[in-house]
Amino acid sequence: MQPATVGADFATITEAHRRLYWSVAPAVLHQAVAEHANLGSALLADTDGIARRVIASALTESLLLAGRIQFFDLRRPEAADATFVRALQAAGEADDSLLGAAVLGHSAFVPGWAGQRENAAERMRAARTYARRGACPAELLAWLHAVEAECLTRCGDHRQALSILRQAEDTLAVGSEHPRPEWFTWFSATRLAAFKGNTELAAGLIPQARTTLEAVLTDLPETDGKQRVVVLGDLAAVEAAAGRPDSACALLEQALDQLSVTWYATGMERIREARRALAPWQESDAVRRIDDRLYSWSATLSSLQR
């Protein structure tokens, strides 16, 4: 059996990975997180009592982070789905229903982004059931609303998505007596507005989307480079939809600058979506400059490797 201190030691590394996510290259960090998770799985068999529960909770967070990197940063949805299953098993070992809700909420993105509405809805029902079992803070409930709204947006139901986003805003406004867990670092009122702006764009509400996304861009902290790429890509798509290709290209230049600092596959997808919206102006100098950057030797090779 391992000493009683092993749980805290393992959790300390998990916490460090949580902070490193915002700046370390995804492929590099994923390798470290995956090996750390393998260690945690092995340690579960050699611990009991409090140490075992601490390791199980930290292992859940590590596997959740690994799945997030696979899905959002590297765009490997099948691998992410398998990792989320492992994360849910670890949450069961920890008997932590809020971590279970977080894992299930993330797992809903996999069918949701693939347009599989019923599968996404079933996972969201499970996530909300787990959330009700614990002392769930308002932020986590609002995030679950936002996840469901994004899945609905991907499935084409923009009206229902906007309705659920209003519920999320109301949930945040009311708040709750329960504090947010330390591991819940990926959501805020600004992130909720980013969800909303993307849905407004998909719904064709161009003026509203511009107002929402410009406010998000102003409010985002400088350290949140990955979300900045996404918002800049969405704003570029807004400008393209409004018939303003030069403004769209200027925003895409900013997005590509940020992407060169920290790779984010989801951000690159938004950039490419905005570029497709610029097809009517593809012979212009501004759009050609974007293509030169999108299809440079390094950018093309990076995309294929990832």
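Remember, it's a predicted structure, so these values are computed and weren't measured experimentally.
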More than 12 heavy atoms of other residues, nucleotides or ligands under 6.0 Å from [atom1] of [X]: yes or no?
X    : atom1 : answer
E214 : CD    : yes
E15  : CD    : yes
L20  : CG    : yes

Closest heavy-atom contact between [X] and [Y]?
X    : Y    : result
A274 : A237 : CB-N, 3.8 Å
H158 : A202 : CE1-O, 3.2 Å
G267 : V229 : CA-CG1, 3.5 Å
A194 : V231 : CB-CG2, 4.3 Å
A37  : L63  : CB-CD2, 3.7 Å
A4   : A51  : O-CB, 3.8 Å

With no hydrogens and no angle check, do the side chains of [X] and [Y] hold a donor and an acceptor under 3.5 Å apart?
X    : Y    : value
Q2   : T47  : no
H36  : T14  : yes
Q160 : D157 : no
W113 : E150 : yes

Any chance you could measure [X], atom [atom1], to [Y], atom [atom2], to the nearest 0.5 Å?
X    : Y    : atom1 : atom2 : value
I164 : L144 : CD1   : CG    : 11.0 Å
W22  : T223 : CH2   : OG1   : 8.0 Å
R18  : S62  : CZ    : OG    : 9.5 Å
L152 : T199 : CG    : OG1   : 9.0 Å
H145 : L140 : NE2   : CG    : 10.5 Å
Y264 : L74  : OH    : CG    : 10.5 Å

Any side-chain to backbone donor/acceptor pair from [X] onto [Y]? Under 3.5 Å, distance only.
X    : Y    : result
R228 : L220 : yes
S284 : W281 : yes
T60  : A91  : yes
T211 : P207 : yes
S176 : A138 : yes

If Ile, Leu, Val, Met, Phe, Trp and Tyr residues are connected whenever their side-chain heavy atoms lie under 4.5 Å apart, and connections chain through other members, are [X] and [Y] in the same group?
X    : Y    : result
V287 : I271 : yes
L235 : F195 : no
V230 : L217 : no
F84  : L65  : yes
Y130 : L59  : no

Measure the shortest side-chain to side-chain distance between [X] and [Y] over non-hydrogen atoms and say whether it is less than 4.5 angstrom.
X    : Y    : answer
L252 : L232 : no
P137 : P181 : yes
D291 : R275 : yes
E93  : R52  : yes
D257 : R293 : yes
M268 : L294 : yes
Y295 : I290 : no
R133 : T129 : yes

inquiry  = Between E122 and E118, is the side-chain contact (heavy atoms from CB on, under 4.5 Å) condition met? List the steps.
reply    = CA-CA 6 Å; E122 183 174 356; E118 289 305 315; over 6 Å; no
Is it true that [X] and [Y] make a salt bridge, defined as a side-chain N closer than 4.0 Å to a carboxylate O?
X    : Y    : value
R123 : D81  : yes
R210 : E200 : no
R53  : D48  : no
K226 : D73  : yes

- Task: For the pair I69 and L29, evaluate side-chain contact (heavy atoms from CB on, under 4.5 Å) and give the outcome as yes or no after the intermediate values.
- Result: CA-CA 9 Å; I69 294 172; L29 182 60; 4.0 Å; yes
- Message: Going by salt bridge (Lys or Arg N to Asp or Glu O under 4.0 Å), name the residues that satisfy it together with E169, two or more places apart in sequence or in a different chain.
- Response: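 Once residues adjacent in sequence are excluded, the partners of E169 under the salt bridge (Lys or Arg N to Asp or Glu O under 4.0 Å) criterion are K196.
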Notebook entry, point to check: Listed by chain and number, what are the salt bridge (Lys or Arg N to Asp or Glu O under 4.0 Å) partners of R154, not counting sequence neighbours?
Noted result: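 For R154 there are no salt bridge (Lys or Arg N to Asp or Glu O under 4.0 Å) partners, ignoring immediate neighbours.
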Worked verdict on E78 versus Q70 for side-chain contact (heavy atoms from CB on, under 4.5 Å): CA-CA 9 Å; E78 294 84 5; Q70 289 169 326; over 6 Å; no
**Request:** Carefully, step by step, assess S188 and E139 under the rule side-chain contact (heavy atoms from CB on, under 4.5 Å).
**Result:** CA-CA 7 Å; S188 64; E139 293 90 346; over 6 Å; no
Checklist entry - Can a cation-pi geometry be assigned to R76 and F71, taking NZ or CZ under 6.0 Å from the six-membered ring centre and within 45° of the ring axis? => result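 Judged by the rule (NZ or CZ under 6.0 Å from the ring centre, within 45° of its axis), R76 is not positioned above F71.
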Open item on the list: Less than 6.0 angstrom from the centroid, inside 45 degrees of the normal: does R180 satisfy that with respect to the ring of F184?
Closed with: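 Judged by the rule (NZ or CZ under 6.0 Å from the ring centre, within 45° of its axis), R180 is not positioned above F184.
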Quiz item: How are the rings of W143 and H106 set relative to one another: parallel (under 30°), tilted (30 to 60°) or perpendicular (over 60°)?
Solution: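 Tilted, since the angle between the ring planes falls between 30° and 60°.
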